[in-house]
Amino acid sequence: MSTFKPYRGTVTIVGVLILIISAIGLINPLLIKVVFDDVILASDEPTAERLRLLWLVVGAMIAAPIVNGALGLWQTYLNNIVGQSVMRDLRNSLYAHLQNMPLKFFTSTRTGEIQSRLSNDVGGVQGVLTDTASSTLSNVTTVISTVITMAILSWELTVLSLGILPFFLWLSRKVGRVRREISGQTQESLADLTAHMQETLSVSGILLSKSFGRQNYEIGRFRGKNDKLFGLEIRRTMVGRGFFALIQVFFSIMPAFVYLVAGWLFLSGSLAGDPRNVVGTIVAFTTLQSRLFFPLGQLLNVNVEIQSSLALFDRIYEYLDLERDIVDHDGAIELAPEEVTGRIRYGDVWFKYGSPSPYGSSALQPESEDGRLWTIAGVEFEASPGQLVALVGPSGAGKTTLTYLLPRLYDVNRGAATIDGIDVRDIRLESLGEIVGMVTQETYLFNASVRENLSYGNPEATDEDLTRAARAANIWERIQELDDAFDTVVGERGYKMSGGEKQRLAIARVILKNPSILILDEATSALDTHSERLVQSALRKVIQGRTTIAIAHRLSTILAADQILYIDRGRIIERGTHAQLLERDGAYAALYHEQFSDGAVETRCEDGFVLANGEVISERVPD
Ligand code: ATP
């Protein structure tokens with residue numbers, strides 16, 4: 001109901017209009033009685049007088065529906081405004097809520113399911129919002145006023161006509177419950193179908209099915225899901241229709257009973273009053289009764305409809321009620337990005353994902369109290385402003401997870417990650433977003449122009465800023481070759497760009513954002529030598545002057561690092577510079593010899609590091 005709050009004014013106008021429309025709706029049946037009793041059958045009145053009355057009554061009979069039609073139109077308009085506004089608000093709050101949900105929600109929910117709730121479920125409540133709510137009020141008023149008028153005309157006939165109503169009320173509750181269940185299943189099935197489409201018709205999905213020749217399999221799976229939806233939709237419609245048909249039959253045969261009983265009462269003389277008035281009463285009564293059919297039928301059906309849409313509201317509110325555990329607390333502080341020096345400290349940080357960890361028991365990976373294993377276990381390190389920290393270690397060791405704790409994509413379970421001595425949980429999320437920049441392994445680009453993609457991190461960037469960033473990221477020349485340069489649309493997820501180009505665009509994007517702290521997850525996919533060199537040189541520029549935590553896959557990054565942290569099963573097991581770690585001859589040395597032992601032995605020089613072939617691979621001079 002709170003969703004209707006902002007529209008109280010309009011809802012009140014709609015209510016008043018409904019009352020007026022129902023009242024006007026009563027005029028005509030009552031005028032019929034006047035026509036019969038005071039015009040046609042009033043033979044003792046002067047004819048001229050009766051004719052004058054007839055004109056008046058007929059005039060009113062014509063005017064009433066016209067006025068009602070106009071008011072009805074106005075009411076429908078206002079109704080739609082309210083209904084659509086409520087839907088718009090629901091979509092807005094659902095989207096805003098989802099934008100602020102923690103990453104873990106998205107890693108455990110199908111994207112298509114989320115989209116389906118946002119579009120199909122919100123769309124599905126449209127009927128109940130625009131029609132049901134207001135039509136219920138209008139129907140209730142019509143039914144009450146009509147029943148009162150009927151009772152005034154003849155309470156015996158009223159009881160006769162409406163005696164069976166309790167049975168229908170009982171039935172509508174039963175049918176409503178069934179409809180609610182089917183509706184829930186239908187929306188679930190629709191979400192499943194949407195998720196399937198979203199997964200298999202995305203660029204990555206279609207690439208997978210094409211490259212594995214699985215199109216027919218996917219078509220078959222789609223058909224199966226579609227058939228299920230088909231069956232549910234038919235059941236949903238028929239359950240409601242069947243009930244409505246029963247009401248329809250009842251109301252169609254009811255006048256026959258009224259005529260039978262009224263005729264019998266009339267003939268036996270039990271119906272009180274002037275026989276001429278009795279004719280008018282019976283005609284007016286059956287007219288009123290026919291007026292009851294639709295509103296009463298709809299009212300009985302409304303329960304069924306509301307139950308259906310409650311299933312949809314349940315699904316919408318299930319998301320809206322989801323807790324957002326990564327939020328700003330009351331005293332969270334705003335940090336101006338320019339004031340941040342970029343000192344990072346992880347102090348005895350422990351973290352585990354919600355689901356059981358895939359690790360086996362191990363001395364290195366102590367179990368947490370609730371039996372789950374820690375993904376990050378007691379990590380402790382510090383990076384001075386401007387330093388480059390390289391994280392290396394086996395796959396699944398927790399390197400990515402460790403970096404996620406700084407921008408609060410996940411919150412630590414114990415210990416704290418701090419920036420300039422402030423716990424990241426005490427920094428407002430918006431500030432944190434400005435301070436920490438990320439270049440992820442897989443570059444995500446929106447299907448928009450290069451310009452829009454680049455200025456995502458800094459909407460105020462001028463053309464000069466864009467050019468400077470693109471040049472620094474070694475992508476400017478490539479952009480110039482594109483059909484529309486900066487205005488070229490990059491295609492769904494940037495599929496029109498090559499892997500190396502996407503990486504360089506991502507680097508340009510983060511240069512424009514200019515964060516004090518950079519998290520860099522180096523891509524593992526190999527690029528050709530030329531492209532690799534362009535990316536490396538771009539990376540060298542972007543890390544310059546920022547504290548960087550790099551999940552390092554490139555020798556150049558590792559060599560340029562001020563500290564290398566070797567992570568295994570959530571713990572730092574070795575730390576130091578490249579030279580120190582080689583000398584130690586432990587896990588890092590083994591990794592180095594395994595991955596980079598192609599003879600490209602390095603020596604440190606003023607400009608960075610020199611490979612055996614004499615090439616300078618890092619221009620960065622560590623502090
Ligand atoms: P790689 O070098 O292969 O990227 P990594 O060192 O970055 O590996 P993480 O991605 O941090 O490793 O993963 C650490 C462990 O946590 C892995 O075993 C992984 O399966 C698990 N993990 C990662 N993400 C989640 C998640 N959202 N929910 C549950 N477990 C997860």
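Here the structure is a predicted model, which means the values were calculated and not measured. Start at 1 and go down the list; that is how both ligands and their atoms are numbered.
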>> As an exercise, state the distance from CG of Leu391 to OG1 of Thr403, rounded to the nearest 0.5 Å.
In response: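 Those atoms lie 7.0 Å apart.
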> Between Thr400 and ligand 1, which part of the residue brings a heavy atom under 4.0 Å of the ligand: side chain, backbone, both or neither?
Replying inline: both
> Counting only heavy atoms, which portion of Thr401 has something under 4.0 Å from ligand 1: side chain, backbone, both, or neither?
Replying inline: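 Answer for Thr401: both.
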>> Taking the six-membered ring of Phe212 as reference, does the cationic atom of Arg214 (NZ for Lys, CZ for Arg) lie under 6.0 Å from its centre and within 45° of its axis?
In response: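 Negative - Arg214 is either too far from the ring of Phe212 or too far off its axis.
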> Just wondering, more than 12 heavy atoms not from Glu430 lying within 6.0 Å of its CD?
Replying inline: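 Counting neighbours around CD of Glu430, 12 or fewer heavy atoms of other residues, nucleotides or ligands fall under 6.0 Å, so no.
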>> I'd like to know if the side chain of Asp420 reaches the main chain of Ile422, judged simply by a donor and an acceptor atom lying under 3.5 Å from each other, with no hydrogens or angles considered.
In response: no
>> I'd like to check whether Thr375 has a polar contact with ligand 1, where a contact means an N/O of the residue lying under 3.5 Å from an N/O of the ligand.
In response: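 Not met; the criterion fails.
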> Any N or O on Ala397 sitting closer than 3.5 Å to an N or O of ligand 1?
Replying inline: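 By distance alone, the answer is yes.
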>> Could you work out, for atom 21 (C) of ligand 1, the closest of Phe351, Phe106, Tyr353, Tyr410 by heavy-atom distance?
In response: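 It is Tyr353 that holds the nearest heavy atom.
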> In terms of atom number and element, which parts of ligand 1 are under 4.0 angstrom from non-hydrogen atoms of Thr107?
Replying inline: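 Selected atoms, number and element: 27 (N).
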> Can you list the steps and then say if Tyr566 with Tyr592 is a ring pair (Phe, Tyr, Trp, His ring centres under 6.0 Å)?
Replying inline: CA-CA 11 Å; Tyr566 188 99; Tyr592 171 75; over 10 Å; no
